[in-house]
Structures are given as C-alpha cells and as structure tokens.
Colleague: 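First the structure, which I've put down as structure tokens, then a few questions once you've had a look.
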Amino acid sequence: FLSTKKSVVTVMHHRPALLALAPVLFGTILQLAHAGRNDDARRRILHGQGFRTRPQGFLQVASVGDLVGPKVPWTEKGVRHLSPREVFSQTVSTMENIDKATPPECSRRFGAAMVSAMRADQVDLCRRAGGEQGSAVLCHKRVPFDIPRYTCSMRNVMISKVGTEAVGCTPTSDLSQVVNQNGVVERTLFGQGSKYGSLRLVDSLQCSTHVDHPVLFQMPWDLNNFYEWYGDWVTLWETMILMQWHPDDVEVYLLHPLPESRPYKKVFDEAWSRAFSAKGVRWGSQEQLFGDGVCFSHVVGVPHGGLSTFTFSGGRSGASADCPSSSMMASSLFLRGLFPQAVDKSGSSMAQTTKRVTLLLRKGGSRAFDNDADTEMSLRSVLPASWTLERFRPETLSMSEQLAVAARTEVLVGTHGAGLTFALFLPPKARLVEVYCGDRGMGNGHYRSLEGMAEPATSEGSGHSEGRFHFSIQSAYGCAIDTNIVRKAIAAYEQGL
C-alpha cells in the first residue's frame, strides 16, 4: 500500500462499494435516531471507535483505536485507470472524512469549514443587470487570513492584454474596495496592475475567440522551490473545491513565461499538465494568453500562492504545527494520485517489508551535511534491527519516484530546506527530523507547520507536534545530526506516540 500522511486511498476498477454503502448509511441513520440529542453518542457513531472500515466510493476509510480519521489505502496499479477527475473526486471525499476528526478551529482555518464559509461569503463587484448574456463578477472572501484574500469569479467577460471588460452589469461599492486592496490576481486582471485600472464597462464585448468551458487563471509563485510551489498547488486545489469544479472540465491559463524547449524542466510543470490533461494548460505572458481579447463564459482567478494555507498566520514560524489541515492532506493526495508509483513486471507495486529511515541529501550550499558518508554511518549506527536506511536525492528522480520514496519512509531526516516538503507525503504517524544549520535557525518553522498540518493525530493526546512528530536538531557547528534525537524519533514511531 502507498500512503499519504494519514491519507491513503484504495482504488478499484469498479464501484461496488457504492451499492454496499446503502445499508451502512441506513444503519447509521437508525443509530443516530436512537442516540437522539446525546452529542457524545452521536459523535461516537459518526467517528467510530476501535477498528472500522467504511466504504466511500473508491475509498475505504479506516479508524484504529483513538486515532480517528481516514486511512485510505490505494493500489498503484488501480489508480492508473482513473482520470484526474476521478482521482480528484476521491480527494474531496477524503477531505470531508478527515475533517470529521479535525478540531473545529482547524477546520475553520484550513479545512472543510473554511471552504464552506468562503462559498457562502460572496462579495458582488458587478451585478448582472440584464439577461444571461450580461456579465457577473463576484468574489469569495477567505476569513481568517493575514490580508484581504479573494477568489474572484467572472462570467461573460473579455480579458485582454490591457485588462478585463464587462457588459450588462451594475458595479457595486465593493468593486473599488477590492481593486484598492491590491490582491495580486485581482490587481492583474481588473485592478491597478491593468492598463484599465479597474473593471471596464462596455456596451458589447468585441472578441474573436470564445471559451465556453470553465477556466482557471493562475499566476505561479516560484517554480524553483517545492515548498513555495506547493502554495500554488494547495490554492489551486482549494479553488476547485470552492467552485465545485473537476479538473477534466477545466482549462488552466498560467501567466508565466513559456517553458524551455526541454519538456518539464521542472516536475511542477508536469503536475499541471497531468491534472488538466483533458482541456489543457496554456502558458505565457498576458499578451500571449489573451492578446486583443478572449471572451470567457466563466473564468476564476486562483489566489496567489505566495501566501497560502500553510504560510499564513505564522505558518513559516511553526505557528500551525498543532493544527491538522484536511485541505493540505487532501491536496497532497491529489498530487500523489497523478504520479502513480512504479510497478514491477508482474504489475504490482513494489512492496515494502522493512521500516525505513530516509536521509534527504542536498547537492551543496550552507545547509548541506558536512559529510554525507559520515552522516549515513551515524544514522546506520542507531537503526533497530528491523529498520533500513535509504539515501534520497530528489533531483535525480522523477516526481513519481520522489513521492514513492516519501511513501515508504517512517522517519525522514534532513536539513532545513524545500526537500522537507515531502513531509506531506509520508505515511500516517511518520516522523520528521529537521536539522537547523547554516543560515537557518529554529525560528524557521516552515516544516514544523507542514508536519503538524499533515498529521491528524497532531491534535490528539498530550503534548504538541514538536517532540512527537517533528524533532528538531540545532547544529551549532556545521551541519550534523544528533543521533540521540534520531533515536527518539524512531522510538516515538515504534511506540505509536
């Protein structure tokens, strides 16, 4: 089985579980009716105790002991037969099930409650005044967030290299407010970053190109850094959830220079292409994408990923380390599903028979280990008999191979850096050992937050994520590991703490 941090999916070629689900649901309804207004009893029924499996379409959701929340195993052979739409649908179900065991405050900040609140909080910028041919522009506001954050939806508009035109709608007072708040995407499409300076109202839309299917417009943040890029990915995933769109129905416009002639210089380019293979992905400058004008039936701007679910509210300092996020878990599962693990000649996924410590290595720089060989030797000296060690250099592997390495890791060890983003793809209750050295001290809590947000058990039991799932090593001289800390991480995993 391959697992994403507490999120693992079993995928089959058919959907018999849908038929089997009916009596389960009926039985649950009867139990809830019997429980009446007893909240504790209703919660036990919904969340389950002991071990229980619950079919969810392709998903089989399991809870073990007091650890409530879905564990979704999937076969890598099976996922190859699914379209991006089907993989995405399963991640939506996964988010909903994870969220049942998420503390309400965490759900409100970056879970299902956050999505529901955004969907309900609509800010009209230009209300449709006439028939269906008129334009309509509205934005969904995200609260709480560090800055005014909107996901803006525009119907029947024309976007060109100079801005956005609308017809047959009445501007509201909120239009100037949103324009002045300078969200990166709004500023570019219909704000002060466009030549129009705002949404331009016209008598008719004059364009030779019409796009009738849904379109997502995104401005990538940083394609050279996995951590920063993931801000784009989770924000894209959340936008599709918000709009209730599926990737097979959507075309993506990325405002970014065209890729070089070599295909997929960065694996992140391939992630977009795989996710939206049905309608496709367009890359380019604003002039290349829109020219003198393209009319869209429905286009939605994806909020800028530079500030996202895992970086707002002190995420880069570790402030989110004790709050699990169903949207982070489900969005990582979606990426994992687009890059199935390699299978052997028999068609089976490569099985894992031992527990594993994975040593993440850097090519160089101030945060590379002083001596990779010595570091490896030190780690081997503390491995229990049933454990093995794997060296991991992500830049030498495909995205499928990189994610597969993370999926078979119980303890990930590495220095502070973007490679620790693979914490999102570790198995349930895996541990992360982070070495702070060079130009990064323990005040940089990027990966403490990621580890905590990706692990539903973070909020359970005594203590916090630090010392339970995330283990810090402050290397005073150079970059070296502390084997005592690694021992503690392995012991914590073995004991299921």
Side-chain angles (χ1 to χ4, degrees), residues 5 221-231 233-234 268 305-322 325 328 332 357-372 374-376 378-379 389-395 402 405-406 409-426 430-455 458 464-490 492:
K5 194 72 164 165
W221 167 229
D222 186 348
L223 297 182
N224 296 304
N225 182 298
F226 193 10
Y227 177 88
E228 302 295 353
W229 174 83
Y230 203 84
W233 185 256
V234 67
F268 315 133
L307 191 61
S308 68
T309 287
F310 62 94
T311 53
F312 92 103
S313 190
R316 293 178 188 267
S317 63
S320 301
D322 300 316
S325 167
M328 288 295 291
S332 65
V357 171
T358 295
L359 175 60
L360 177 66
L361 298 172
R362 298 172 66 99
K363 289 187 293 185
S366 64
R367 280 177 272 144
F369 286 112
D370 298 338
N371 186 301
D372 290 348
D374 288 348
T375 302
E376 180 179 351
S378 296
L379 282 177
L389 179 70
E390 179 171 1
R391 294 162 59 99
F392 182 24
R393 293 189 181 276
E395 70 276 6
Q402 293 176 44
V405 170
T409 296
E410 278 71 38
V411 176
L412 177 62
V413 180
T415 61
H416 177 95
L420 295 186
T421 306
F422 286 103
L424 290 171
F425 305 94
L426 298 175
R431 266 57 181 182
L432 173 64
V433 178
E434 180 174 5
V435 180
Y436 296 93
C437 60
D439 58 350
R440 293 292 186 273
M442 291 179 62
N444 293 272
H446 307 57
Y447 306 104
R448 286 200 302 276
S449 286
L450 279 192
E451 171 67 14
M453 296 175 80
E455 176 56 71
T458 294
H464 302 291
S465 177
E466 183 63 30
R468 295 177 65 218
F469 299 104
H470 180 277
F471 294 78
S472 298
I473 297 174
Q474 180 67 66
S475 184
Y477 303 100
C479 294
I481 63 169
D482 181 337
T483 53
N484 289 325
I485 299 297
V486 177
R487 280 195 184 97
K488 289 180 180 179
I490 293 174

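Treat the numbers as computed from the prediction; the structure is a model and nothing was measured.
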Colleague: Using 0.5 Å steps for rounding, measure from the CD1 atom of I490 to the CZ atom of F471.
Modeller: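 Taking CD1 in I490 and CZ in F471, the distance rounds to 10.0 Å.
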Colleague: Kindly determine whether L420 and L450 satisfy side chain to side chain contact (heavy atoms under 4.5 Å, CB included), including the steps that lead there.
Modeller: CA-CA 9 Å; L420 295 186; L450 279 192; over 6 Å; no
Colleague: For S366 and D439, work out which heavy atoms get closest and say how close.
Modeller: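 The pair with the smallest heavy-atom distance is OG-OD1, 3.6 Å.
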Colleague: Any chance you could measure T421, atom OG1, to W229, atom CH2, to the nearest 0.5 Å?
Modeller: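 The CH2 atom of W229 is 10.5 Å from OG1 of T421, to the nearest 0.5 Å.
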Colleague: Does any part of the side chain of T311, heavy atoms only, come nearer than 4.5 Å to the side chain of Y227, both counted from C-beta?
Modeller: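 Contact flag for Y227/T311 side chains = yes.
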Colleague: On a heavy-atom basis, which atom in G315 and which in S320 lie closest, and how many Å separate them?
Modeller: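 Between these two residues, the closest heavy atoms are CA-OG, 4.1 Å.
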Colleague: Given S472, which partner from the list H416, E466, E434 fulfils the side-chain hydrogen bond (donor to acceptor under 3.5 Å, both in side chains) test?
Modeller: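 Exactly one candidate clears the test, E466.
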Colleague: What distance do L359 atom CG and T375 atom OG1 have between them, rounded to the nearest 0.5 Å?
Modeller: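 If we round to the nearest 0.5 Å, L359:CG and T375:OG1 are 6.5 Å apart.
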Colleague: Do you know the tightest heavy-atom contact between C437 and G478?
Modeller: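 Closest approach of C437 to G478: CB-O, 3.3 Å.
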Colleague: When rounded to the nearest 0.5 angstrom, what is the spacing between OH in Y447 and OH in Y436?
Modeller: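 Output value for this atom pair is 9.5 Å.
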Colleague: Just so I know, are the side chains of H446 and F310 near enough to count as touching, which here means a heavy-atom distance under 4.5 Å?
Modeller: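 The answer is no, as the side chains (C-beta and beyond) never meet within the 4.5 Å cut-off.
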Colleague: From D372 CG over to R362 CZ, what is the distance, rounded to the nearest 0.5 angstrom?
Modeller: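 Result: 11.5 Å between the selected atoms.
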Colleague: Looking at S325 and M328, would you say the former's side chain and the latter's main chain have a donor-acceptor pair under 3.5 Å?
Modeller: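 It does hold such a pair.
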Colleague: For C479 and T415, which heavy atoms make the closest approach, and how far apart are they?
Modeller: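 Residues C479 and T415, closest heavy atoms: CB-CG2, 4.4 Å.
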Colleague: Kindly indicate whether the side chain of F369, heavy atoms from C-beta on, has any atom under 4.5 Å from the side chain of D374.
Modeller: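 They are not in contact (no side-chain heavy atoms under 4.5 Å apart), so the answer is no.
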Colleague: Taking C-beta and beyond as the side chain, do L432 and E455 meet within less than 4.5 Å on heavy atoms?
Modeller: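 With C-beta onward as the side chain, the pair stays apart.
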Colleague: For the pair M453 and V234, evaluate side chain to side chain contact (heavy atoms under 4.5 Å, CB included) and give the outcome as yes or no after the intermediate values.
Modeller: CA-CA 13 Å; M453 296 175 80; V234 67; over 6 Å; no
Colleague: Answer yes or no: is there a donor N or O on one side and an acceptor on the other, between the side chain of R448 and the main chain of S317, under 3.5 Å?
Modeller: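 Yes; judged by distance alone, with no hydrogens or angles, the pair exists.
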Colleague: Counting distance only, does the side-chain N/O of R468 pair as donor-acceptor with the main-chain N or O of T458 below 3.5 Å?
Modeller: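 Yes, because the side chain of R468 sits within donor-acceptor range (under 3.5 Å) of the backbone of T458.
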Colleague: Could R391 and E376 be called an ion pair, given the rule that one side-chain N must be under 4.0 Å from one carboxylate O?
Modeller: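 Salt bridge flag = yes for E376 with R391.
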Colleague: Using a 6.0 Å cut-off, check whether atom CH2 of W221 has over 12 heavy atoms from anything other than its own residue.
Modeller: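 Result for CH2/W221: open.
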Colleague: List the steps and the verdict of side chain to side chain contact (heavy atoms under 4.5 Å, CB included) for S308 and Y230.
Modeller: CA-CA 9 Å; S308 68; Y230 203 84; over 6 Å; no
Colleague: With no hydrogens and no angle check, is any side-chain donor or acceptor of S475 less than 3.5 Å from a backbone partner on A480?
Modeller: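 Yes.
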Colleague: Give me the atom names and distance for the closest heavy-atom approach of L426 to A406.
Modeller: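 Nearest heavy atoms, L426 then A406: CD2-O, 3.5 Å.
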Colleague: Looking at every heavy atom in both L424 and A454, which two are closest together, and how far apart are they?
Modeller: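 Heavy atoms of L424 and A454 come nearest at CD2-CB, 3.8 Å.
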Colleague: Could you check T358 against F422 for side chain to side chain contact (heavy atoms under 4.5 Å, CB included), going step by step and ending with a plain yes or no?
Modeller: CA-CA 11 Å; T358 295; F422 286 103; over 6 Å; no
Colleague: Report the distance from atom CD1 of I473 to atom OG1 of T483, rounding to the nearest 0.5 Å.
Modeller: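 Here the rounded value is 8.5 Å.
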